[in-house]
Amino acid sequence: MSDAAALPGQPRGGVLSGPATDRAVNVLAPNASAMTLDGTNTWIVSEPDSDLAVVIDPGPLDDVHLRTVIDTAEKAGKRVALTLLTHGHPDHAEGAARFAELTRTSVRALDPALRLGDEGLAAGEVISTGGLEMRVVPTPGHTADSLCFHLPADGAVLTGDTVLGRGTTVVAHPDGRLGDYLDSLRRLRSLAVDDGVHTVLPGHGPVLEDAQGVIEYYLAHRAHRLAQVETAVESGYASASAVVAHVYADVDRSLWPAAELSVLAQLEYLREHGLI
C-alpha cells in the first residue's frame, strides 16, 4: 500500500494544476497558506467535445491567476461561458467580479450578494452549459451558503471547502453550523454510496480518489472532536479558547483561531442538544 492510499480519501499525488477528470481541469491559485493549503483550486469544467466551459471558484483577486484560468480554457479550445461559486469566502470568490468582467459572464451563487446577473442556484438544479450535466448539491455547514457540484459523468463531486484534499475543514461559526455540516456530509456520503461518486475535486489540496472513505473519515473525526469538547467542558474548560488549548494541543498554534470557530460551533451544537 502506498502512503497516499493509507491517507483519508486516497489523495492523488503529483502536480495539482492540470486535468483531473475527463471534464475537470484545475488551475491552482498562488495563495498558499495554512488555511488555503497549496492554494485555491479553480476548476474549469466542460464536456470534452464542447467549446464552452464553466469555471467554479475563480479564487482571489489576482489578475495573473484570473487570466491564467482564461488562457488555460482558450488553449483547450474553450470559451468561459459561466462562473459559479461554492461559497463566498474571499479565497474562492473575491476575484469573481473581475473574472466576470474579463469573460463577460454572469456569476451564479447561492448568496444573492455574490451574484452578477439575475440567476441564483437551487438545490438539485442541473447546470447544462455546453451540454454539461452538473447538479447543484446544497451543503451548508462550513458556511451557510456552501454548495457542492455533482458531476455524474465523471463520478465526481466538486466540494469547495466542505471536503478538503488534505486535513479537515472549519465550521465557520456563527455562519457555519455543525448540525448543518453533519447533514451535508451525510448527503455527500449518499452520493458516494448510491450515485457512484468516487472522486472528490476539492477547493484546496489534491484530488481524492476515495470519496466515501474521506467522508466517513470526516464524520468520524467530527464525532471524535465533539466528544472531546464535551469532555473538556465537563472537566471545567469553560471558554472556547480554553477548550481549543486543551483539545487542539496537537494542532499548530497558527491554526487555533480557526479551530476556535469550530469549537464555538461544537459548543452551540452541544447546548442545542442538551448535552452541556
Side-chain angles (χ1 to χ4, degrees), residues 12 14-31 39-87 91-110 114-137 147-160 165 191 195-204 206-207:
R12 186 183 298 175
V15 178
L16 297 184
S17 283
T21 68
D22 289 342
R23 290 164 180 79
V25 174
N26 181 31
V27 181
L28 182 65
N31 61 331
T40 299
N41 295 333
T42 295
W43 291 101
I44 303 171
V45 187
S46 66
E47 282 297 305
D49 59 354
S50 174
D51 61 355
L52 299 179
V54 176
V55 166
I56 299 172
D57 290 351
L61 184 54
D62 179 326
D63 244 44
V64 173
H65 171 65
L66 300 179
R67 291 181 185 276
T68 299
V69 174
I70 296 168
D71 290 346
T72 301
E74 290 181 346
K75 286 176 182 176
K78 300 178 187 295
R79 175 177 64 84
V80 178
L82 178 64
T83 303
L84 304 176
L85 298 177
T86 62
H87 65 297
D91 55 314
H92 294 257
E94 186 183 38
R98 174 60 174 156
F99 189 72
E101 178 185 358
L102 291 171
T103 57
R104 299 182 180 178
T105 60
S106 61
V107 176
R108 298 180 63 185
L110 184 62
L114 299 170
R115 300 172 192 165
L116 290 174
D118 297 330
E119 289 188 281
L121 292 169
E125 180 179 354
V126 177
I127 306 299
S128 55
T129 302
L132 186 70
E133 183 177 306
M134 188 164 58
R135 293 186 175 92
V136 177
V137 182
L147 296 170
C148 293
F149 297 98
H150 176 203
L151 190 56
D154 285 348
V157 61
L158 297 105
T159 55
L191 287 181
D195 295 298
V197 167
H198 48 74
T199 300
V200 173
L201 306 176
H204 303 280
V207 171

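No experiment lies behind these values; they were computed from the predicted model shown.
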| query | What is the distance from atom CD1 of Ile56 to atom CG of Leu158, rounded to the nearest 0.5 Å? | reply | 4.5 Å
| remark: Sorted by chain and residue number, the ring-ring contact (aromatic ring centres under 6.0 Å, His included) partners of His87 (sequence neighbours excluded) come out as His89, His92, His142
Distance-only donor-acceptor hits, side chain of residues 66-76, under 3.5 Å, sequence neighbours excluded:
{"unit_1": "Arg67", "atom_1": "NE", "unit_2": "Asp63", "atom_2": "OD2", "d": "3.3"}
{"unit_1": "Thr68", "atom_1": "OG1", "unit_2": "Val64", "atom_2": "O", "d": "2.7"}
{"unit_1": "Thr72", "atom_1": "OG1", "unit_2": "Thr68", "atom_2": "O", "d": "2.7"}

| remark: Here the pair of heavy atoms bringing Thr105 nearest to Ala81 is CG2-C, 3.5 Å
| Side-chain heavy atoms of Thr199 within contact of Val207, under 4.5 Å | yes
| query | Who pairs with Glu94 by salt bridge (charged side-chain N to carboxylate O under 4.0 Å, His left out), at least two apart in sequence or on another chain? | reply | none
| message | Do Val54 and Phe149 have side chains that approach each other closer than 4.5 Å (heavy atoms only, starting at C-beta)? | response | no
| field | Heavy-atom closest contact (Pro60 atom, His65 atom, distance) | value | CD-CD2, 4.5 Å
| Should Trp43 and Leu201 count as side-chain neighbours, where that means a heavy-atom distance under 4.5 Å? | yes
| field | Approximate separation, where rounding is to 0.5 Å, of His204 NE2 and Leu28 CG | value | 10.0 Å
| said: Could you report the tightest heavy-atom contact between Ala100 and Val107, atom names first, then the distance? | reply: CB-CG2, 3.7 Å
| note | Minimal heavy-atom distance between Pro58 and Leu85, with the atoms involved, is CD-CD2, 3.6 Å
| field | Polar contact flag, side-chain donor to acceptor under 3.5 angstrom, Asn31-Thr40 | value | yes
| note | For Ala24 and Thr21 the tightest heavy-atom approach is N-OG1, 3.1 Å
Counting only pairs under 3.5 Å, give me each side-chain donor-acceptor contact of residues 121-137, with atom names and distances, residues two or more places apart or in other chains.
{"unit_1": "Glu125", "atom_1": "OE1", "unit_2": "Arg108", "atom_2": "NH2", "d": "3.2"}
{"unit_1": "Glu125", "atom_1": "OE1", "unit_2": "Ala122", "atom_2": "N", "d": "3.0"}
{"unit_1": "Glu125", "atom_1": "OE2", "unit_2": "Arg108", "atom_2": "NH2", "d": "2.3"}
{"unit_1": "Glu133", "atom_1": "OE2", "unit_2": "Arg135", "atom_2": "NH1", "d": "3.1"}
{"unit_1": "Glu133", "atom_1": "OE2", "unit_2": "Arg135", "atom_2": "NH2", "d": "2.9"}

| field | Validation row: Asp62, Pro30 side chains within 4.5 angstrom (heavy atoms) | value | yes
| task | Determine yes or no for a side-chain-to-main-chain donor-acceptor pair under 3.5 angstrom, with Ser106 supplying the side chain and Gly117 the backbone. | result | no
| remark: In short, Asn41 meets Pro202 closest at the heavy-atom pair ND2-O, 2.9 Å
| Side-chain donor or acceptor of Thr42 paired with backbone N/O of Asp57 under 3.5 Å | yes
| said: Test your reading of the model: is there a side-chain donor-acceptor pair from Asn26 to the backbone of Leu16, 3.5 Å cut-off? | reply: yes
| Pairs involving residues 76-86, ordered by first then second residue, that meet salt bridge (Lys or Arg N to Asp or Glu O under 4.0 Å) (sequence neighbours left out) | none
| said: If the condition is salt bridge (charged side-chain N to carboxylate O under 4.0 Å, His left out), which residues does Asp91 pass it with, not counting sequence neighbours? | reply: none
